[in-house]
Amino acid sequence: MYLALARKYRPKTFKELIGQPHITKTLQNAIRMDKLYPALIFSGMKGVGKTSAARILAKAMNCEAGPAPEPCNKCAICNEINEDKSPDYIEIDGASNNGVEEVRSLREKIKYKPFKNRFRMIVIDEVHMLSNSAWNALLKTVEEPPEHTYFIMATTDFHKIPSTIVSRCQHFEFKRIPVEVITSVLENIVDKEKIEISKYGLYLIAKSADGSLRDSKKILDQAIAISDGKIEDKDVIDILGIIEEEIFIEITSAYLSRDRKKIILVIDDLTERGIDVRFFYYEYIKFLRNLMVLKSDIEIEKLHNLNPENVSKIKMLIKDLKEIELLRYFNAVKDLEITIKNTENPKIILEYLFIKLSYFPSLMSIEQLIENAGSGSKSKPVKSTPLADSPDITVEIKKAESADKEIRTTSKEDSDAVKTEQKKKEKPEQAYEKASDDNESIEKIKKDKQIKNLTSKIQGRIISIENLEGDK
């Protein structure tokens, strides 16, 4: 029977455990100091090494040369655990053994000492699938297990584990494995298997695995099966169901060169090949993002997802574009996301989108307009003369200011005359009593006149400006 790559190249030592140095170091130090906690929780996404770490830990604790930071993988105990033949290493599927009866049976087993090994290791995979009653039955056992027993609980959904269990365990969170690390591991595997595949093909497999080393090995298995010793990029693309980068380059070149006929032909070819138009749209958004990263002169390959063989071609394609122009293209594409998602005719909307983008190269930016204005080209905008610099307007303004001064003088004289007349008519004591009232009345009259004069002045200026514009 064919042995899958995920099992054939399963890590057998802590050193071979990929992408989890914070966990391996902690566990090895705990073994050295004889301070390994009796109940452990390994959480993280699928395929990052949780059960592999549990198996390695079981070997390290029971190795004939141990307990040791690394198992020897040569003694009978290590070989039994590697071959799943050890009676003292028990792996339980939490999804299919999630009832209280299974937990009670497990409690009965761990009362007795191990058959052969130094410690009995109980590994419960997908432990979050246990029922509430099973958790309650397991609670006391996890808190106070027998001295010869260790519990290791693996889960992809840590938040579903009851807090009462979490408080009695040490928690280790396994991280997502970076794409470049997965790619390096796959390179070693294809070298050992003597399989030919390009770096871009390995990169596509690693990227599609989304941080899971086991999934990447599974995809590589499928690619090996479809090929004859040499895996083509097209084979990987067909397996993964992704769109060739060349199509993105082709349609980008079409709208940058305003070749609208080519745009229609490319989209027609997509639909004839059965490619989902909506999927193409979302993948093209990612492609534009990669173009912006490339335009930013960021040379770190892990920051963009482009085929290394196409990078030079893409750089030539966008060399005359500024970053702000690429951002304009990205915004125009992103603005149609809801429309593409909800429309009944996504092909028509996609054609409209790329034809719209084909008009962008003809647009002139504000900066370019200003630059052309300074150089005196035909597109020079009409320079407007400030109103304050016009001679006629200056004369009108001076007249208005003179009239305003006269109005203020007249207002003052009028107010003085009113005061004198009132003083003649009034008796001294009345004048004294009404002094404050008169002052308030005078102030009010002055304010009213000032408002009236200011209004008339503004109206006069407006009429003068309108007449001046009419003469022009």
Side-chain angles (χ1 to χ4, degrees), residues 1-25 27 42 44-60 70-74 78-79 81-84 91 125 154 156 174-242 244-245 300-302 304-310:
M1 181 182 291
Y2 175 72
L3 190 62
L5 295 178
R7 293 185 61 191
K8 185 176 181 179
Y9 293 98
R10 189 172 195 170
K12 295 182 179 180
T13 62
F14 284 119
K15 185 178 180 180
E16 295 176 1
L17 193 64
I18 303 298
Q20 313 299 338
H22 60 296
I23 292 175
T24 57
K25 183 178 180 180
L27 293 176
F42 291 170
M45 62 171 291
K46 58 185 175 64
V48 292
K50 298 186 296 295
T51 53
S52 294
R55 187 181 294 255
I56 295 169
L57 180 60
K59 290 186 294 183
E70 287 284 10
C72 69
N73 286 309
K74 296 178 181 179
C78 289
N79 289 330
I81 294 176
N82 284 332
E83 297 170 5
D84 294 325
E91 279 192 22
D125 198 14
T156 54
F174 284 66
K175 295 181 179 180
R176 184 187 300 267
I177 303 176
V179 173
E180 58 271 17
V181 175
I182 296 178
T183 305
S184 176
V185 173
L186 295 182
E187 284 180 354
N188 292 331
I189 292 175
V190 295
D191 286 343
K192 293 176 181 177
E193 296 290 324
K194 298 181 180 179
I195 300 295
E196 292 184 34
I197 184 173
S198 69
K199 288 186 177 180
Y200 181 61
L202 290 176
Y203 169 77
L204 289 177
I205 293 174
K207 179 174 172 287
S208 65
D210 196 23
S212 172
L213 185 58
R214 184 179 62 223
D215 285 358
S216 68
K217 293 175 182 176
K218 178 193 68 176
I219 298 169
L220 182 59
D221 256 330
Q222 190 174 356
I224 292 173
I226 202 175
S227 67
D228 189 16
K230 183 177 181 180
I231 303 173
E232 302 288 345
D233 291 347
K234 188 178 183 303
D235 296 332
V236 178
I237 289 170
D238 290 340
I239 291 170
L240 299 176
I242 60 179
E244 300 96 313
E245 201 170 89
I300 304 175
E301 292 185 358
K302 69 177 183 180
H304 66 73
N305 302 326
L306 299 171
N307 184 351
E309 297 176 1
N310 291 332

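All of these numbers come straight from a predicted model, not from anything done at the bench.
Interatomic distance, CD of Q222 versus CD1 of I231, reported as 10.5 Å (0.5 Å rounding). Atom CD of E245 sits about 4.5 Å away from atom OH of Y200, to the nearest 0.5 Å. The distance from atom NZ of K59 to atom OG1 of T13, rounded to the nearest 0.5 Å, is 7.5 Å. E232 contributes atom CD, which lies 11.5 Å from atom CD1 of I226 (distance to the nearest 0.5 angstrom). Taking NZ of K234 as the reference point, atom CD1 of I239 lies at 11.0 Å (rounded to 0.5 Å). One finds the CZ atom of F42 at 6.0 Å from the CG atom of L57 (value rounded to the nearest 0.5 Å).
The main-chain N or O of I189 is never found under 3.5 Å from a side-chain atom of E193 such that the two would form a donor-acceptor pair. No donor-acceptor pair under 3.5 Å is formed between the side chain of E244 and the backbone N or O of I237. Judged by distance alone, with hydrogens and angles left aside, the side-chain atoms of T24 form a donor-acceptor pair with the main-chain N or O of P21 at under 3.5 Å. The backbone N or O of N79 lies less than 3.5 Å from no partner atom in the side chain of N73, so there is not a single donor-acceptor pair.
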- Task: Show your working on salt bridge (charged side-chain N to carboxylate O under 4.0 Å, His left out) between K217 and D221 and close with a plain yes or no.
- Result: CA-CA 6 Å; K217 293 175 182 176; D221 256 330; over 6 Å; no
- Message: As a quick check of understanding, evaluate side-chain contact (heavy atoms from CB on, under 4.5 Å) for R176 and D210, giving each step before the final call.
- Response: CA-CA 8 Å; R176 184 187 300 267; D210 196 23; 3.1 Å; yes
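The pair R55-D84 meets the salt-bridge criterion, with a side-chain N (NZ, NE, NH1 or NH2) lying under 4.0 Å from an Asp/Glu carboxylate O.
Nearest heavy-atom pair across A53 and F14 is O-CE2, 4.4 Å. Of all heavy-atom pairs between G211 and M45, the closest is C-CE, 4.0 Å. Of all heavy-atom pairs between F174 and L17, the closest is CE2-CD2, 4.5 Å. The two residues I56 and P11 come nearest to each other via the heavy atoms CD1-O, 3.8 Å. Shortest non-hydrogen contact noted between I177 and Q20 is CG1-NE2, 4.1 Å. The minimum heavy-atom distance between S212 and G47, with the atom names listed, is OG-CA, 3.4 Å.
Residues meeting the side-chain contact (heavy atoms from CB on, under 4.5 Å) test with S216, sequence neighbours left out: I182, L186, I205, A209, L213.
For the pair L5 and I224, the minimum side-chain heavy-atom distance is below 4.5 Å. No side-chain heavy atom of S208 sits less than 4.5 Å from a side-chain heavy atom of I242. Taking the side chain as every heavy atom from C-beta outward, I197 and E187 never approach each other to under 4.5 Å.
Considering E91, R214, R10 in turn, R10 is the only one that fulfils the side-chain hydrogen bond (donor to acceptor under 3.5 Å, both in side chains) rule with T51.
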